[in-house]
Every structure is written in structure tokens, then in C-alpha cells.
There are 2 protein chains.
Amino acid sequence: MATTEVTATISDAEWRVMRIVWTLKRADSRTIISLLEQQHDWKAPTIKTLIGRLVKKGALATTKQGRQFIYTPKIAEQPAMDSALLRELNQMCAMHRGTALVHVVDQLDLSHADVQALLDHLQTKLETAPDNVPCDCLPDGCEGSCEP
Amino acid sequence: MATTEVTATISDAEWRVMRIVWTLKRADSRTIISLLEQQHDWKAPTIKTLIGRLVKKGALATTKQGRQFIYTPKIAEQPAMDSALLRELNQMCAMHRGTALVHVVDQLDLSHADVQALLDHLQTKLETAPDNVPCDCLPDGCEGSCEP
DNA sequence: GCTTTGAGTTTACAACTGTAGTCGAAACAT
DNA sequence: ATGTTTCGACTACAGTTGTAAACTCAAAGC
């Protein structure tokens, strides 16, 4: 039942910290701090605070190693990305999500393999895709008043 | 230079209000409040606050009509959706964005036309797609330590 | 004209966020 | 053993967000 728990809400600044730890798999605070000090002009205490909050939120695990801690991700990167993205999309009008995806895909750098994977999945999806996805912005639905 | 200004940062709750106004094109507060009271269990004053903040943020325009205001969107829906989505994606590891999109597309309800549009755009993109998009989580890049 | 009522404004307040200083204890060097 | 460096914990503080009550006018009704 404890399925990786992607529920924790990670803020923008915290996301930067997670990316470091996700990439390195494990890191001590010295490493995290020095890397982030390069990327942003954050002071060390700022980064310490972020790390602390992530630990409290259950996004990072700690392992005492001598005087200091080794931090490891407690939630996986891809599921966290997936659900953050889905959350964002689900907050928007269902009818316009497709267009938003088109626009976003246009602007994004995607690898050949990623584009191919998307093509494959969409090809499959094409068969069962409904003729239209109605707007879900109004309580009742959006009949009539919500034409594109 | 004043290109619709999609810069305003709209919070989750505020987004609900915008969706109503975007869908109706124009609405008075009574309408907005009554619709949102149905969807959520928000009290009227809560919704008034949200409307007020959106006006201050420049996301809604007001037109005095007798005793009350008519609210109209000052920013367009689709660009707002696009940039919110892009912002979210750009905050994540470049290397994994493609996979996130695949997962999200799988879980989303998309119309036939939307799927087709995505297929078209991706087909075009396929030709120029790079072999791989490197991880951009670490300051220097991510050579070696960032294998999938 | 005067009162009622409803729309917008102001105030409230806790939680979360971005940003950062300070402190105490532990580890290290001498 | 003592001074020093260092790491994590605690404190701080303003701005945003979610949530909502109170207040203030001016328009609408009588």
C-alpha cells in the first residue's frame, strides 16, 4: 500500500535540491550546497533550509555517516515529474489540454527516442480517442457557451 | 511590446476563477460566486477575495455596470495554459521531460483531433530531433553520473 | 428622500515559500 | 586538551495563498 508516496508537494526551490539528489543518487549537504551555490546565488543557509524542509516532508531520507548526513531521494524522480505535470494539466480546462500539449511539444527539446515513443503511444491512442473532450470549467458542463 | 502579458502568476484557487471567466467570456461576481459555490465548498467572501486578487494581478479586467462590475479576462486562456505547462516542464530535468510527457499523454483524455495534431507535430519534429537530450540538473552538465 | 441590500474593499490569520542569520555540539587539528 | 571549523537545528521575516469575516458605500426599492 505504501507505493512510493508521491503525495508530497515540492516547491520550486525545493525542486532544485531534489534534482541534485536525484541525479547523484546520494549526496552530503556539502556537495548539494556547493553545486547549488554555483547554479543560483543562494547562500548556504538557504540551501540548508530547503534540505531540512525536504527531509521533514519525506522527500529526502537521511543516513547518519559520522558527523554528517547522506541524503537520498525518498521519492522517485519520474513519478514525481509525472504527477506534478498531471496535476498542472488537470487543473486546466479539459477541452484545451490537447492544444496546450501541442504547443508545449513544439517548444520542447525532445530526443529522437522520446518523439518516437510519443508517436507510438499516440498512434495507439488514436483508435480509441473520443471525437471531442468537452469543457469542464462550469459545474454543469459547458454546452453551447463554450465554443472555441 | 505589451504582448498580452502572460507573466502574472495565477495560483491554484485563482485558476478556478479564471476558468469560469474564460469560459463565459464575461461575468459578474454573482455569477462567478454562484458557479464556484457549486463546484467547491467555498464561501462567497473567499471567492470575492480571489476575484479581487486577480484584478490586482492584472488577470481580470473590470467594467463598471451600474452597481456592479463585469469581469473579463485580461489574459488569454491558451497562452496562460501553455506557459504554465512549459514553466512546470522547464523546472524538471531536461533528460526526463520526454518520458513525463509520454506518461501524461497516456493518462489524459484527448480528442481524436488533438491526438492527430500531436502526431503531425511530432512527425515533423522527428526529423530534427537530437539523438539525446542531456540531463541539466548539475551545474556542469551531467556526464557519466546521470545514466537512466 | 430614506432605507435596505448587495457589491466591492479592508482586515484577519494560519500555512507555505523564498531567503538567510545565529547557535550549539561535534570533529579535527595542534 | 583547547581552539577552530563545520554541520545540522532553530529562529526570523516578508510575501503568497487559502479561507473567510467585517465594513462601507452607492444603487435600488419604497
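Residue numbering restarts at 1 for every chain, and letters A, B, ... go by the order of the sequence lines.
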Expected rows: protein N/O vs nucleotides 18-22 of chain D N/O, under 3.5 Å:
residue : atom : partner : partner atom : Å
D:dG18  : OP1  : B:D12   : N            : 3.4
D:dG18  : OP1  : B:A13   : N            : 3.1
D:dG18  : OP2  : B:S11   : OG           : 2.5
D:dG18  : N7   : B:R53   : NH1          : 2.9
D:dG18  : N7   : B:R53   : NH2          : 3.4
D:dG18  : O6   : B:R53   : NH2          : 3.1
D:dT19  : OP2  : B:W42   : NE1          : 3.1
D:dT19  : O4   : B:R53   : NH2          : 3.0
D:dA20  : OP2  : B:K43   : N            : 3.4
D:dA20  : OP2  : B:T46   : OG1          : 3.0
D:dA20  : N7   : B:T49   : OG1          : 3.2
D:dA20  : N6   : B:T49   : OG1          : 2.5

OP1 or OP2 of D:dG8 sitting under 4.0 Å from any side-chain N/O of A:Y71? yes
B:S111 and A:V133: which non-hydrogen atoms are nearest, and at how many Å? N-CG2, 3.5 Å
Could you pull out the protein-nucleic contacts involving nucleotides 26-30 of chain D (nitrogen or oxygen on both sides, under 3.5 Å)?
none

Between B:L50 and B:L36, does the side-chain contact (heavy atoms from CB on, under 4.5 Å) criterion hold? Intermediate values first, please. CA-CA 11 Å; B:L50 295 173; B:L36 282 175; 5.7 Å; no
Audit row: B:V17, B:I10, side-chain contact (heavy atoms from CB on, under 4.5 Å) steps and yes/no: CA-CA 10 Å; B:V17 177; B:I10 295 167; over 6 Å; no
Using five pairs at each end of the helix from C:dG1-D:dC30 to C:dT30-D:dA1 to define an axis, what is the angle between those two axes, to 10°? 10°
Salt bridge (Lys or Arg N to Asp or Glu O under 4.0 Å) for B:D136 and B:R97? Distances and angles first, verdict last. CA-CA 11 Å; B:D136 59 349; B:R97 282 175 206 155; 3.7 Å; yes
Is a donor on one side and an acceptor on the other found under 3.5 Å between the side chain of B:R16 and the backbone of B:Q39? no
For A:Q78 and B:H96: C-alpha separation, side-chain torsions, deciding distance, then whether side-chain contact (heavy atoms from CB on, under 4.5 Å) applies. CA-CA 7 Å; A:Q78 196 68 60; B:H96 298 116; 3.5 Å; yes
Show which side-chain atoms of residues 55-62 of chain A pair as donor or acceptor with protein atoms under 3.5 Å away, not counting sequence neighbours.
residue : atom : partner : partner atom : Å
A:K57   : NZ   : A:T9    : O            : 2.9
A:K57   : NZ   : A:E14   : OE1          : 2.6
A:K57   : NZ   : A:E14   : OE2          : 3.1

How far apart are the C-alpha atoms of A:L138 and B:L24, what are their side-chain angles, what is the distance that settles it, and do they pass the side-chain contact (heavy atoms from CB on, under 4.5 Å) test? CA-CA 9 Å; A:L138 303 185; B:L24 299 181; 3.8 Å; yes
Under a 4.0 Å heavy-atom criterion, DNA chain C is touched by chain A from C:dT17 to C:dC28
Think A:S29 has a side-chain N or O under 4.0 angstrom from the OP1 or OP2 of D:dG8? yes
Kindly determine whether A:K125 and B:D114 satisfy salt bridge (Lys or Arg N to Asp or Glu O under 4.0 Å), including the steps that lead there. CA-CA 11 Å; A:K125 215 176 175 63; B:D114 284 332; over 6 Å; no
Within the structure shown, what part of the strands sits under 4.0 Å from B:K57 by heavy-atom distance: base, sugar-phosphate, or nothing? sugar-phosphate
Ignoring hydrogens and angles, tell me if any N or O in the side chain of A:T49 forms a donor-acceptor pair with the backbone of A:P45 under 3.5 Å. yes
Treating Ile, Leu, Val, Met, Phe, Trp and Tyr as nodes and any side-chain heavy-atom pair under 4.5 angstrom as an edge, say whether A:L89 and B:V102 lie in one connected cluster. yes
With a 3.5 Å cut-off and no angle check, do the side chains of A:H121 and B:D106 form a donor-acceptor pair? yes
ring-ring contact (aromatic ring centres under 6.0 Å, His included): which pairs involve residues 42-63 of chain A, sequence neighbours left out? A:H40-A:W42
Could you check how far NZ of B:K56 sits from C1' of D:dT16, rounded to whole Å? 11 Å
